[in-house]
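Data first, discussion second: the structure below is written as structure tokens.
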Amino acid sequence: MLPTDKLESLSARYREIEELLCQPNVVSDAKRYTGLTKERAELHGLVEAFARYTQIAEDLAGHKEALSDPDLRDWKVEVMSLSEASAGGLKEVIAAISGDNVYSQLRFEGGVHRVQRVPSTESQGRIHTSTATVAVLPEVDDVDEVHIDPKDLEISATAAGGPGGQHVNRTLSAVQIKHIPSGIMVRSEQQRSQHQNKAKALQILSAKLLEIEREAQASAISSERRSMVGSGERSEKIRTYNYPQNRITDHRIQLTLHNLDQV
């Protein structure tokens, strides 16, 4: 525990000395001026360190306050759609991640992630390989940014599944939208109201249509240019996580590290 009272007293004395050293009657008194200058030099390092400590403590308190407010917290994750696989686990999850520079930091995670591990149920110690496909799409803030003709949509409301009890299952809150020209089907059921789920579903549809437009533009670019900006094909393996060898490999930059546990 720091003796803050003592340190604050010394800081006050330091400020007092600096004021005295500017007074003409002190400057003209060589003995007093020399004594105050020496005292100031002895206090300088301590007072400066305490000032830094005080500033850091104030910043830390402010950050803690911000983190306690969910509206100010970075990297916020909202599950918009979730479906479970019949064999257990998850088949598909669509989530909206908000925060500063989210897309620029997560865009390179898009692709096929390959995991090699020995499952606990494997008696022979054989390595099993599984994959997860990740698509990182920029969120379309305004639906009008991607033109969607209401005549091209088939919108239906159904009862939401999953947790929520009788209230969720009795109300037709889930919304499913089919975009007829593209055949894209989206669904949102995580929100409480049908209106909110419709807005979320339209947001997902807009992002998917925007992706199609960008892929069409990319396909028209020359192969040399495409190799620089990326083809956008999610079927390409981008990273392998090998647990038995504690190895992680990023295939795009040919980098292999043997610190998977740290990653």
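Reckoned from all heavy atoms, side chains included, excluding hydrogens, waters and symmetry mates.
To the nearest 0.5 Å, atom NZ of residue K6 and atom CG of residue L46 are 9.5 Å apart. Taken to the nearest 0.5 Å, the NZ atom of K208 stands 7.5 Å off from the CD1 atom of I204. One finds the CG atom of L209 at 4.5 Å from the CD1 atom of I184 (value rounded to the nearest 0.5 Å). Note: R117 CZ to S130 OG = 4.0 Å, rounded to the nearest 0.5 Å. Once rounded to the nearest 0.5 Å, the distance linking OG1 of T256 with CG of N242 reads 10.0 Å. Remark: T54 OG1 to R52 CZ distance equals 11.0 Å, nearest 0.5 Å.
Annotation for L90: hydrophobic cluster partners, listed by chain and number, are V79, L82, V93 (ILVMFWY side-chain heavy atoms under 4.5 Å, direct or chained).
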V118/Y243 under side chain to side chain contact (heavy atoms under 4.5 Å, CB included): CA gap, chis, key distance, verdict:
CA-CA 8 Å; V118 179; Y243 282 85; over 6 Å; no
Hey, mind stepping through Q176 and V186 against side chain to side chain contact (heavy atoms under 4.5 Å, CB included) and telling me if it holds?
CA-CA 6 Å; Q176 181 171 288; V186 296; over 6 Å; no
Could you walk me through whether V112 and V134 pass side chain to side chain contact (heavy atoms under 4.5 Å, CB included), step by step?
CA-CA 6 Å; V112 175; V134 177; over 6 Å; no
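One finds a salt bridge joining D250 and R252 here, because a Lys/Arg side-chain nitrogen approaches an Asp/Glu carboxylate oxygen to under 4.0 Å. Classification of R187 and E189 as a salt-bridged pair holds, one side-chain N sitting under 4.0 Å from a carboxylate O. In summary, R15 and E19 do not engage in a salt bridge, as defined by a charged side-chain N under 4.0 Å from a carboxylate O. At a threshold of 4.0 Å, the pair R13-E16 counts as salt-bridged, since one of the basic side-chain nitrogens sits closer than that to a carboxylate oxygen. A salt bridge does not link K91 with E84: none of the charged nitrogens is closer than 4.0 Å to a carboxylate oxygen.
Panel note: side chain S9, backbone D5; no donor-acceptor pair is recorded below 3.5 Å. In terms of modelled atom types and a separation under 3.5 Å, the side chain of N246 and the main chain of D261 share a donor-acceptor contact. Checked by atom type and distance alone, the side chain of N197 pairs as donor or acceptor with a backbone atom of S173 at under 3.5 Å. Proximity of a side-chain donor or acceptor of Q23 to a complementary backbone N or O of L20 within less than 3.5 Å is not detected.
Between the side chains of S11 and E8, no donor-acceptor pair is found at a separation under 3.5 Å. Residues T240 and R114 bring a donor and an acceptor atom of their side chains to less than 3.5 Å of each other.
One hydrophobic cluster, built from ILVMFWY side chains closer than 4.5 Å, holds both V115 and V263. The hydrophobic cluster containing L7 also contains I17, counting ILVMFWY residues as joined when their side-chain heavy atoms lie under 4.5 angstrom apart, directly or transitively. Linking ILVMFWY side-chain heavy atoms closer than 4.5 Å, directly or via other members, places I212 and I94 in a single hydrophobic cluster. Under a hydrophobic-cluster definition in which Ile, Leu, Val, Met, Phe, Trp and Tyr are linked whenever side-chain heavy atoms come within less than 4.5 Å, directly or via other members, I155 and L202 are assigned to the same cluster. L21 and V47 fall within the same hydrophobic cluster, defined by Ile, Leu, Val, Met, Phe, Trp and Tyr side-chain heavy atoms under 4.5 Å apart, directly or through other members.
The shortest heavy-atom contact between H258 and Q245 is ND1-O, 3.7 Å. Taking each heavy atom of P244 and Q116 in turn, the nearest pair found is CD-O, 3.4 Å. Residue A95 comes nearest to V77 through the heavy atom pair CB-CG1, 4.1 Å, listed as atom of the first residue, atom of the second, then distance. T4 and F50 make their closest contact through O-CZ, 4.3 Å (heavy atoms, listed as atom of the first residue, atom of the second, distance). Listed here is the closest heavy atom pair of S206 and I148: OG-CD1, 3.6 Å. Y33 and V27 make their closest contact through CD1-CA, 3.9 Å (heavy atoms, listed as atom of the first residue, atom of the second, distance).
A heavy-atom distance below 4.5 Å is not found between the side chains of T249 and L255. Taking the side chain as every heavy atom from C-beta outward, R239 and E109 approach each other to under 4.5 Å. Taking 4.5 Å as the limit, every side-chain heavy atom of I97 sits out of range of all side-chain heavy atoms of Y103. Between R247 and L257 there is no side-chain heavy-atom pair separated by less than 4.5 Å. Side-chain contact check for E154 versus M185: every heavy-atom pair is 4.5 Å or farther apart. Put simply, the side chain of Q203 reaches to within 4.5 Å of the side chain of K200, judged on heavy atoms.
Annotation: salt bridge (Lys or Arg N to Asp or Glu O under 4.0 Å) contacts of E42 (sequence neighbours excluded): none.
Using the six-membered ring where Trp is involved, H44 and Y14 have ring planes that are tilted, between 30° and 60° apart.
More than 12 heavy atoms of other residues, nucleotides or ligands sit less than 6.0 Å from atom NE2 of H128.
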